[in-house]
Amino acid sequence: MRETILEISKSLTSANRMVREIFDSTDILVDQPEMYALDTNKFNNDGSYRCYEIRRYQVSYRVLEDSIRIIRIRWSSQEPREH
């Protein structure tokens, strides 16, 4: 992930800061995992796949019974893909 952000930002400092900001944004999911909208790019979403955007990066995650899994992080200017 850091390499992709570095490629986009062209700055190691900016890439490190963005990675930290993305990781920090996931902290709230522990207490409120269903606060974000369903992931409309997930094919046959059973309601456990959700996503949110932070500074033009889309974070897709899955809410499981005992954990939360980050599925992917992608630059939102990329063409959306179903997964």
Side-chain angles (χ1 to χ4, degrees):
M1 174 177 60
R2 182 166 299 166
E3 292 80 20
T4 302
I5 294 173
L6 177 58
E7 186 178 308
I8 293 167
S9 71
K10 307 289 189 234
S11 163
L12 183 58
T13 302
S14 294
N16 287 336
R17 185 177 29 222
M18 190 67 241
V19 168
R20 174 60 29 220
E21 194 171 331
I22 290 170
F23 280 125
D24 288 347
S25 76
T26 63
D27 289 345
I28 195 165
L29 299 177
V30 173
D31 296 320
Q32 299 177 22
E34 296 177 347
M35 72 178 289
Y36 294 110
L38 294 177
D39 187 347
T40 57
N41 292 320
K42 174 63 178 140
F43 183 70
N44 288 333
N45 188 345
D46 63 1
S48 65
Y49 292 88
R50 297 183 172 267
C51 68
Y52 65 96
E53 193 169 307
I54 178 168
R55 291 221 194 181
R56 300 198 52 174
Y57 287 89
Q58 182 185 35
V59 179
S60 297
Y61 65 98
R62 185 174 187 197
V63 179
L64 299 171
E65 201 170 301
D66 60 346
S67 63
I68 298 166
R69 293 196 179 162
I70 304 300
I71 304 298
R72 69 180 180 176
I73 299 169
R74 58 190 306 276
W75 193 34
S76 58
S77 292
Q78 292 175 313
E79 195 64 32
R81 293 184 317 201
E82 286 188 349
H83 56 101

Ionic contact status for Arg62 with Asp46, cut-off 4.0 Å =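 Looking at Asp46 and Arg62, the cut-off is met.
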Cluster check Met35, Val30: I/L/V/M/F/W/Y, side chain < 4.5 angstrom |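 Result: no, two separate clusters.
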Same cluster (ILVMFWY, side-chain, under 4.5 Å), Leu38 and Leu29 |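 In one cluster with Leu38: Leu29, no.
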Passing candidate, side-chain contact (heavy atoms from CB on, under 4.5 Å) with Val59, options Tyr36, Tyr52, Phe23 =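 The passing option is Tyr52.
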Which residue, Arg50, Arg72, Arg69, forms the side-chain contact (heavy atoms from CB on, under 4.5 Å) with Tyr61?
->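 When side-chain contact (heavy atoms from CB on, under 4.5 Å) is applied between Tyr61 and each of Arg50, Arg72, Arg69, only Arg50 qualifies.
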So how far is it from [X] [atom1] to [Y] [atom2], rounded to the nearest 0.5 Å?
| X | Y | atom1 | atom2 | value |
| --- | --- | --- | --- | --- |
| Glu21 | Ser14 | CD | OG | 11.0 Å |
| Leu12 | Arg17 | CG | CZ | 11.0 Å |
| Ser25 | Ile70 | OG | CD1 | 7.5 Å |

Okay, side chain of Asn45, backbone of Asp39: is any donor-acceptor separation there less than 3.5 Å?
->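 Yes; at least one donor-acceptor contact below 3.5 Å.
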Dump the intermediate steps for side-chain contact (heavy atoms from CB on, under 4.5 Å) on Asn41 and Gln58, then the final yes or no.
-> CA-CA 11 Å; Asn41 292 320; Gln58 182 185 35; 4.0 Å; yes
